[in-house]
Every structure is written in structure tokens, then in C-alpha cells.
Participant: 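Dropping a structure here in C-alpha cells format, bear with me for questions.
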Amino acid sequence: MGGESGPPVASSPPVGRAARDLELLHAHVAGDPDAFTELFHRHRDRLWAVALRTLGDREEAADALQDALLSAHRAAARFRGDSAVTTWLHRIVVNACLDRIRRRQAHPTVPLPDGIRDTDGATGGVEPAAPVQDHDTALVVRQALATLPIEQRAALILVDVQGYPVAEVAVILGVAEGTVKSRCARGRARLATLLGHLRQRPAPPGPQSTGPTPPGDPDVPVVTRGNPRPPEGVGSGSGRARRDANQEDA
């Protein structure tokens with residue numbers, strides 16, 4: 001009964017993917033130098049796919065994912081447990097991507113086609129999930145997505161491209177489920193106008209690959225051991241992103 005200053009010790013370790021995620025996060029906060037690396041590797045492919053499709057540029061996506069992971073690494077002690085750890089990670093990644101899009105809109109540049117950079121050793125090339133014979137279509141779709149307001153783009157990518165439930169996307173974006181549905185509907189209507197000509201194109205021959213981004217992508221940043229900075233002064237920009245997310249598109 002009374003007198004205990006902390007939670008009881010579990011008689012057996014927690015089971016399940018969500019429980020293991022939480023276990024790893026707690027271990028990281030407690031000082032385990034390898035726990036956050038394992039946590040990242042468990043969700044690496046999906047986080048990378050969200051960043052890549054949101055930004056449409058491999059180098060930008062890699063930088064945004066690195067920023068997000070550093071923010072999560074530092075802010076882990078403040079995780080309140082009001083959502084799954086994977087949802088928390090996705091929220092930080094999406095906010096990092098949206099921050100980059102806003103900065104890019106404030107200081108526009110002229111990107112090279114398909115996100116390819118002209119520096120030696122830089123990332124680039126065809127998105128791994130796109131079949132070679134359907135690369136032109138994939139490029140047109142990415143360009144159409146890039147024209148959407150960022151709130152609509154984020155909702156569409158998470159719901160329609162990545163297949164997340166609307167309820168989970170609402171938590172990731174920090175808005176109501178109805179707002180997610182509204183943004184998706186508006187985004188789909190705009191894409192239908194932009195991509196209507198693709199309905200007239202015959203399907204390319206041969207098998208089609210729609211699988212996720214293969215593991216081991218060299219563009220995904222690695223997580224090093226140890227806490228790179230003290231937890232004070234976390235600047236993930238998530239608060240601003242949540243405030244912006246509540247503003248509906250015209």
C-alpha cells in the first residue's frame with residue numbers, strides 16, 4: 001500500500017512494439033548510450049519516407065530528419081506519454097519539414113530537376129519507391145504535391161501516401177480529425193485538376209513496385225552514441241508548427 005516513493009517494478013519486461021519504444025526512450029533518458037539508436041532504427045524507414053515525400057528533395061529530407069532526431073534526442077525527458085512514441089517522433093519530423101518549407105518559401109531558390117545537386121557525393125536521383133519506367137509520372141506527382149499549401153501537403157502525404165489513420169495524423173499535426181479530412185479533401189481536389197491528364201495515359205508494361213523505401217538508404221543520417229548537447233534550449237520549432245497547423249487554407 002503506502003510508503004512507496006516510485007512505481008512498482010514490473011515482474012516481467014513489457015511486450016509489444018509500443019511498449020518497447022517507450023522502454024527504449026526511458027532507457028535513453030536514464031543514460032543508455034545505445035537506446036536512442038535502436039529506437040531510431042525501428043522507425044527509420046517510415047520517418048525517412050515521410051521527410052522525403054514532404055520535401056521532395058533527398059538532401060533537404062536528410063537534413064530535416066537529422067534536425068528532427070537531434071531535437072527528439074534532447075527533448076526525450078519531456079515526453080509526456082500522451083501519444084505513442086512513434087507518433088511523437090513523426091510529429092517532430094513533420095514539424096522539421098514544415099519549418100524547412102516555410103524558410104524555403106521565405107527565401108526561394110531555383111532547385112535542379114528532381115532534387116539532384118551538382119556537388120560531388122551529394123544525394124539525389126530517383127526516389128527509391130518509384131519504378132524506373134514510371135519515373136516521369138512520379139516526378140509529375142511530386143511536383144504537383146509541391147504546389148499544395150504545406151498543411152494540405154502534409155495531411156495528404158501522411159494519409160494517402162503513407163497510409164496513416166486519420167486519427168493518428170490528427171495527433172501528429174496537432175489538429176482535429178475533421179481538419180485533417182478537410183485538408184485532404186481540398187488537396188485531392190487540387191491534385192485532381194493538376195493530374196487529370198494522367199488518367200488518359202496507359203499503364204506502363206511490366207510489374208509495378210509500390211513497396212516502402214528500402215532499408216539501408218545511405219542518405220538517412222545515422223545516430224551517434226551519446227547526447228550531443230544538453231537538453232536545455234531545444235529548438236525543434238514544433239510549437240510554431242502546431243500554431244500554424246490550426247490555420248485553415250483558403
Side-chain angles (χ1 to χ4, degrees), residues 4-54 61-100 154 157-158 162-175 180 212-213 215-217 219-243 245:
E4 293 187 2
S5 59
V9 177
S11 58
S12 59
V15 295
R17 187 173 184 85
R20 178 58 179 162
D21 288 345
L22 188 58
E23 192 177 70
L24 288 169
L25 194 65
H26 287 166
H28 162 64
V29 172
D32 186 333
D34 300 316
F36 193 83
T37 301
E38 182 180 342
L39 178 64
F40 166 60
H41 286 163
R42 289 166 67 86
H43 302 284
R44 173 182 186 269
D45 294 340
R46 299 192 81 186
L47 294 174
W48 168 242
V50 168
L52 179 60
R53 287 168 176 142
T54 301
D63 289 343
L65 185 55
Q66 182 72 55
D67 291 345
L69 291 173
L70 286 173
S71 294
H73 193 280
R74 301 167 194 157
R78 297 201 297 273
F79 176 70
R80 297 187 303 272
D82 52 358
S83 65
V85 173
T86 179
T87 303
W88 175 73
L89 289 172
H90 277 78
R91 184 190 306 135
I92 294 175
V93 171
V94 169
N95 285 335
C97 292
L98 297 185
D99 284 346
R100 282 186 169 267
I157 288 172
L158 289 169
Q162 296 300 119
Y164 291 94
V166 169
E168 185 174 357
V169 173
V171 176
I172 291 173
L173 298 180
V175 298
V180 174
T213 304
D217 193 307
D219 297 326
V220 185
V222 297
V223 178
T224 56
R225 295 178 50 151
N227 201 336
R229 296 184 186 177
E232 293 81 15
V234 177
S236 66
S238 59
R240 183 177 69 258
R242 281 194 293 272
R243 289 195 298 272

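Everything numeric here is computed off the predicted structure, so don't read it as measured data.
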Participant: A68 and A96: which non-hydrogen atoms are nearest, and at how many Å?
Facilitator: CB-CB, 4.0 Å
Participant: Do E23 and H26 come within less than 4.5 Å of each other through their side chains, counting heavy atoms only?
Facilitator: no
Participant: Show the nearest heavy-atom pair for residues D34 and D32, with the distance to one decimal.
Facilitator: N-OD1, 2.9 Å
Participant: Rounded to the nearest 0.5 Å, what separates atom CD in E38 from atom CG in L25?
Facilitator: 12.0 Å
Participant: Is there a side-chain contact between L70 and Q66, using heavy atoms and a 4.5 Å cut-off?
Facilitator: yes
Participant: Roughly how far, to the nearest 0.5 Å, is OG of S71 from CG of L89?
Facilitator: 11.5 Å
Participant: Taking all heavy atoms of L24 and all of A35, pick out the closest pair and write down the distance.
Facilitator: O-CB, 3.3 Å
Participant: Just so I know, are the side chains of L158 and L173 near enough to count as touching, which here means a heavy-atom distance under 4.5 Å?
Facilitator: yes
Participant: Give, for atom CG of L47 and atom CD1 of I92, the distance between the pair rounded to the nearest 0.5 Å.
Facilitator: 10.0 Å
Participant: In the structure I gave you, are the side-chain heavy atoms of V29 and F79 within less than 4.5 Å of one another anywhere?
Facilitator: no
Participant: What closest approach, in Å, do F40 and L65 show between heavy atoms, and which atom pair accounts for it?
Facilitator: CE1-CD2, 4.5 Å
Participant: Measuring from atom CG of L69 to atom NE2 of H43, what distance do you get when rounded to the nearest 0.5 angstrom?
Facilitator: 11.5 Å
Participant: Start with the C-alpha distance between N95 and R91, add both sets of side-chain angles, then the distance that settles side chain to side chain contact (heavy atoms under 4.5 Å, CB included), and finish with yes or no.
Facilitator: CA-CA 6 Å; N95 285 335; R91 184 190 306 135; 3.7 Å; yes
Participant: Can you tell me how far SG of C97 sits from CZ of R53, rounded to the nearest 0.5 angstrom?
Facilitator: 12.5 Å
Participant: Counting distance only, does the side-chain N/O of R42 pair as donor-acceptor with the main-chain N or O of T86 below 3.5 Å?
Facilitator: no
Participant: I need the H90 NE2 to Q162 CD distance, nearest 0.5 Å.
Facilitator: 7.0 Å
Participant: Determine, step by step, whether L39 and H28 satisfy the side chain to side chain contact (heavy atoms under 4.5 Å, CB included) criterion, reporting the C-alpha distance in whole Å, the side-chain angles of both residues, the deciding distance to 0.1 Å, and the verdict.
Facilitator: CA-CA 9 Å; L39 178 64; H28 162 64; over 6 Å; no
